[in-house]
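Contents: one structure, followed by commentary.
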Amino acid sequence: MKPLSELLEAVAVKKLVGDAGVGIATLVYDSRAAGAGACFFAIRGTQCDGHAFIPAAVEKGAVAIVCEELPANLVAGVTYVVVDDPAGALADMAAAFYDHPSRCLKLVGVTGTNGKTTTATLLYDLVRALGYKAGLVSTVVYKIDDRSVEATHTTPDPVRLNAMMREMADAGCAYCFMECSSHAIVQERTRGLCFAGGIFSNITHDHLDYHKTFAAYIRAKQQFFDALPADAFALTNIDDRNGRIMVQNTAARVATCSLRSMADFRCKIVEQHIDGMLLRVEGAEVWVTLTGRFNASNLLSVYGAARLLGFGRDDVLRVLSGLRSVAGRFETIRAADGTTAVVDYAHTPDALENVILTLEELRTPGQQLLVVCGCGGDRDRTKRPEMAAIAVKYASTAIFTSDNPRHESPDAILDEMTAGLDPTARYLRIADRAEAIRTGAMLARPGDILLVAGKGHEDYQIIGDEKHHFDDREEVRRAFETIHNLQSKPSPEKL
């Protein structure tokens with residue numbers, strides 16, 4: 001428990017009514033989580049206004065309320081703090097409540113549309129391989145050294161984030177690598193944290209359901225770099241046309257990386273195969289187990305960040321060669337007949353095209369590429385026809401199916417995906433995702449490539465408000481096994 005006055009030291013308070021010395025046991029922004037000694041933050045969101053839940057929080061035992069406007073009825077014994085930005089106050093107060101744990105870590109944030117999970121996870125794996133304890137905050141999993149915690153958001157709320165970082169610091173972690181989503185940046189979940197560095201991967205069409213315009217989406221990412229301190233680094237991918245824009249206002253020391261042009265950190269793909277590639281990085285050649293230009297870019301960001309953190313070139317390259325792909329990111333599954341399935345999280349037009357172009361470079365003449373993909377419901381609808389157009393442009397056959405339909409009709413989503421396609425395009429519509437994967441596996445000839453895109457590591461499918469168990473990798477293996485068993489059965493005429 002900490003006195004409210006101590007938590008308010010970094011907060012611009014407009015008005016305080018009550019006792020600033022009241023003891024605070026927990027910080028909550030959901031009235032249902034309030035209890036004795038809680039400080040409740042009345043945050044105005046897109047769906048509801050937290051001010052409406054102040055009475056419920058007080059009834060459950062909240063002793064302090066942080067709000068934009070004082071409620072009409074003030075309850076005796078409750079302290080009210082008026083601020084312009086309750087969400088920002090929550091972030092600042094959460095950092096103070098847990099004694100600013102990010103100051104005990106070398107915290108590196110990774111932002112961009114694609115590549116965040118791979119870059120953050122590989123950095124975590126790299127520093128641990130170099131002998132250091134580290135934490136990870138990613139879409140797939142949260143890690144406190146070697147302990148895994150279920151991930152609920154790409155970037156969790158400030159209370160959970162600071163609580164985890166306190167655990168990391170107490171566990172002896174020296175580093176933490178964190179994905180910073182655009183939602184989290186705008187909602188100030190990363191505020192109050194002390195970053196040692198930031199990495200920009202790329203920015204492409206995504207999340208316009210939330211940000212409304214691409215310009216607003218760019219500004220959201222840019223805010224992260226604008227907030228970096230002067231003693232931090234800002235590593236940016238200048239192969240993306242917005243790479244320099246991201247860091248134009250930052251106080252941090254800027255470093256660049258590129259596969260195509262002059263930069264502080266450069267990389268060239270010497271050769272690539274479906275199970276890895278040979279890279280030339282700063283004059284040295286290294287074989288890595290990931291493949292594709294997008295992964296070369298991710299690995300270069302990992303290399304550059306590690307060098308900026310002070311690790312030696314040879315040590316970094318040695319460990320880089322042993323790193324393995326992140327779950328659900330270009331994850332390969334081989335069938336008995338030589339067919340290769342690639343399961344990937346690609347759920348934006350750019351990510352899908354990057355994966356397909358990599359497979360295009362790797363496939364041999366006569367080798368079919370079948371693509372299974374869909375688009376999520378209640379999300380950015382403008383990317384649906386783009387995803388479908390990319391799939392039919394390259395695939396021998398595209399199969400459009402459900403992703404996480406949520407509250408939308410799967411058929412309605414497929415209608416929007418296929419609305420502008422050429423009538424001669426080779427595609428199928430199969431709303432049932434398991435059936436779509438089975439169909440793709442059945443259409444594949446021995447040695448062909450089957451890409452299953454969109455869900456990657458996810459082991460669920462959201463239909464309505466419910467999560468149902470569903471794992472693309474399990475479905476692919478099941479389909480391959482079924483086909484193998486059918487092919488292994490002797491035909492009736494041989495009996």
Side-chain angles (χ1 to χ4, degrees), residues 101-102 105-129 132-169 171 173-185 187 189-190 193 195-203 206-207 221 224 235 237 290 294-295 297-299 301-306 309 319-320 323-331 343-348 351 404 454-460 471-473:
S102 63
L105 305 162
K106 287 188 177 180
L107 174 62
V108 177
V110 186
T111 195
T113 304
N114 303 312
K116 296 189 299 295
T117 300
T118 296
T119 301
T121 304
L122 293 181
L123 274 165
Y124 163 83
D125 290 338
L126 185 143
V127 299
R128 280 174 49 82
Y132 296 87
K133 292 186 175 184
L136 173 68
V137 182
S138 80
T139 303
V140 177
V141 68
Y142 305 148
K143 291 269 195 179
I144 299 167
D145 194 24
D146 57 358
R147 180 164 68 87
S148 298
V149 180
E150 182 184 3
T152 55
H153 295 79
T154 297
T155 313
D157 68 80
V159 178
R160 188 174 187 193
L161 196 50
N162 280 277
M164 279 199 300
M165 288 188 183
R166 172 45 55 198
E167 288 187 67
M168 292 174 192
C173 292
Y175 299 88
C176 176
F177 303 100
M178 180 174 80
E179 290 186 55
C180 299
S181 70
S182 57
H183 293 68
I185 295 165
Q187 294 167 10
R189 292 182 231 159
T190 57
L193 300 178
F195 284 93
I199 301 170
F200 170 70
S201 60
N202 52 66
I203 190 161
D206 201 15
H207 300 309
K221 299 289 189 185
F224 171 74
L235 177 62
N237 171 24
L290 287 74
F294 61 98
N295 270 325
S297 185
N298 293 335
L299 287 164
S301 291
V302 170
Y303 174 84
L309 286 169
V319 174
L320 211 63
L323 296 179
R324 295 291 179 265
S325 178
V326 178
R329 270 65 175 176
F330 210 90
E331 188 169 344
V343 176
D344 195 88
Y345 189 54
H347 60 283
T348 66
N404 293 315
K455 293 178 62 59
H457 67 282
E458 292 179 352
D459 60 0
Y460 59 82
D471 190 318
D472 283 352
R473 296 161 295 184

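For the pair Ala184 and Thr155, the tightest heavy-atom approach, listed with the atom from each and the gap, is CB-CB, 3.4 Å. Here the closest non-hydrogen pair linking Val127 and Ala134 is CG2-CB, 3.6 Å. Nearest approach of Arg189 to Pro156, heavy atoms of both residues: CD-O, 3.3 Å. Residues Leu290 and Leu323 share a closest heavy-atom pair of CD1-O, 3.9 Å. Summarising the geometry of Val302 relative to Leu123, their closest heavy-atom pair is O-CD2, 3.6 Å, with the distance given to 0.1 Å. Cys173 approaches Leu105 most closely through the heavy-atom pair O-CD2, 3.1 Å.
Residues meeting the side chain to side chain contact (heavy atoms under 4.5 Å, CB included) test with Thr121, sequence neighbours left out: Thr117, Asp125, Leu136, Ser138, Val326. The side-chain hydrogen bond (donor to acceptor under 3.5 Å, both in side chains) check on Tyr124 picks up Arg128, with sequence neighbours excluded. Remark: Asp344 pairs with no residue by the salt bridge (charged side-chain N to carboxylate O under 4.0 Å, His left out) rule, at least two apart or across chains. The ring-ring contact (aromatic ring centres under 6.0 Å, His included) check on Tyr460 picks up nothing, with sequence neighbours excluded. For Lys143, the side-chain hydrogen bond (donor to acceptor under 3.5 Å, both in side chains) partners at least two apart in sequence or on another chain are Ser148. With sequence neighbours left out, the side chain to side chain contact (heavy atoms under 4.5 Å, CB included) criterion links Arg324 to Thr289. Under the side-chain hydrogen bond (donor to acceptor under 3.5 Å, both in side chains) criterion, Thr111 pairs with Lys221, sequence neighbours left out. The side-chain hydrogen bond (donor to acceptor under 3.5 Å, both in side chains) check on Arg473 picks up Glu331, Asp471, with sequence neighbours excluded. Under the rule for a ring-ring contact (aromatic ring centres under 6.0 Å, His included), the partners of Phe224 that lie at least two apart in sequence or sit in another chain are Phe195.
For the atom pair CG (Asp472) and CG (Asp459), the distance works out to 10.5 Å, reported to the nearest 0.5 Å. Note: Ile199 CD1 to Asn237 CG = 11.0 Å, rounded to the nearest 0.5 Å. The CG atom of Leu161 sits 8.5 Å away from the OG atom of Ser102 when rounded to the nearest 0.5 Å. Between the NZ atom in Lys116 and the CG atom in Asn298 there is a gap of 11.0 Å [rounded to 0.5 Å]. Between atom OH of residue Tyr142 and atom CE of residue Met165 there is a gap of 11.0 Å, rounded to the nearest 0.5 Å. Taking OH of Tyr175 as the start and CG of Leu107 as the end, the distance is 12.5 Å to the nearest 0.5 Å.
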request  = Determine, stepwise, if the pair Thr139 / Tyr345 fulfils side chain to side chain contact (heavy atoms under 4.5 Å, CB included).
outcome  = CA-CA 11 Å; Thr139 303; Tyr345 189 54; 4.1 Å; yes
inquiry  = Between Val140 and Arg329, is the side chain to side chain contact (heavy atoms under 4.5 Å, CB included) condition met? List the steps.
reply    = CA-CA 11 Å; Val140 177; Arg329 270 65 175 176; 3.7 Å; yes
key: Audit row: Val137, Met164, side chain to side chain contact (heavy atoms under 4.5 Å, CB included) steps and yes/no   = CA-CA 9 Å; Val137 182; Met164 279 199 300; 4.2 Å; yes
request  = Take Val141 and Val149 through the side chain to side chain contact (heavy atoms under 4.5 Å, CB included) test and state the conclusion after the steps.
outcome  = CA-CA 6 Å; Val141 68; Val149 180; 5.9 Å; no
request  = Please assess Asn404 against Glu458 for the test side chain to side chain donor-acceptor pair (under 3.5 Å), listing each intermediate value before the final yes or no.
outcome  = CA-CA 10 Å; Asn404 293 315; Glu458 292 179 352; 3.3 Å; yes
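In the model, Arg160 has no side-chain atom that pairs as donor or acceptor with a side-chain atom of His153 under 3.5 Å.
Put simply, the side chain of Lys106 never gets that close to the backbone of Cys176: no donor and acceptor are under 3.5 Å apart. Under a 3.5 Å cut-off, the side chain of His183 and the backbone N or O of Ser181 do not form any donor-acceptor pair.
In this structure, the side chains of Pro101 and Met168 stay at 4.5 Å or more apart for every pair of heavy atoms. With a 4.5 Å cut-off on side-chain heavy atoms, Tyr303 and Leu126 do not count as touching. Annotation: side chain of Lys455 is not in contact with side chain of His347 (no heavy-atom distance under 4.5 Å).
Between Phe330 and Phe294, the ring planes are tilted. Angles from 30° to 60° get that label.
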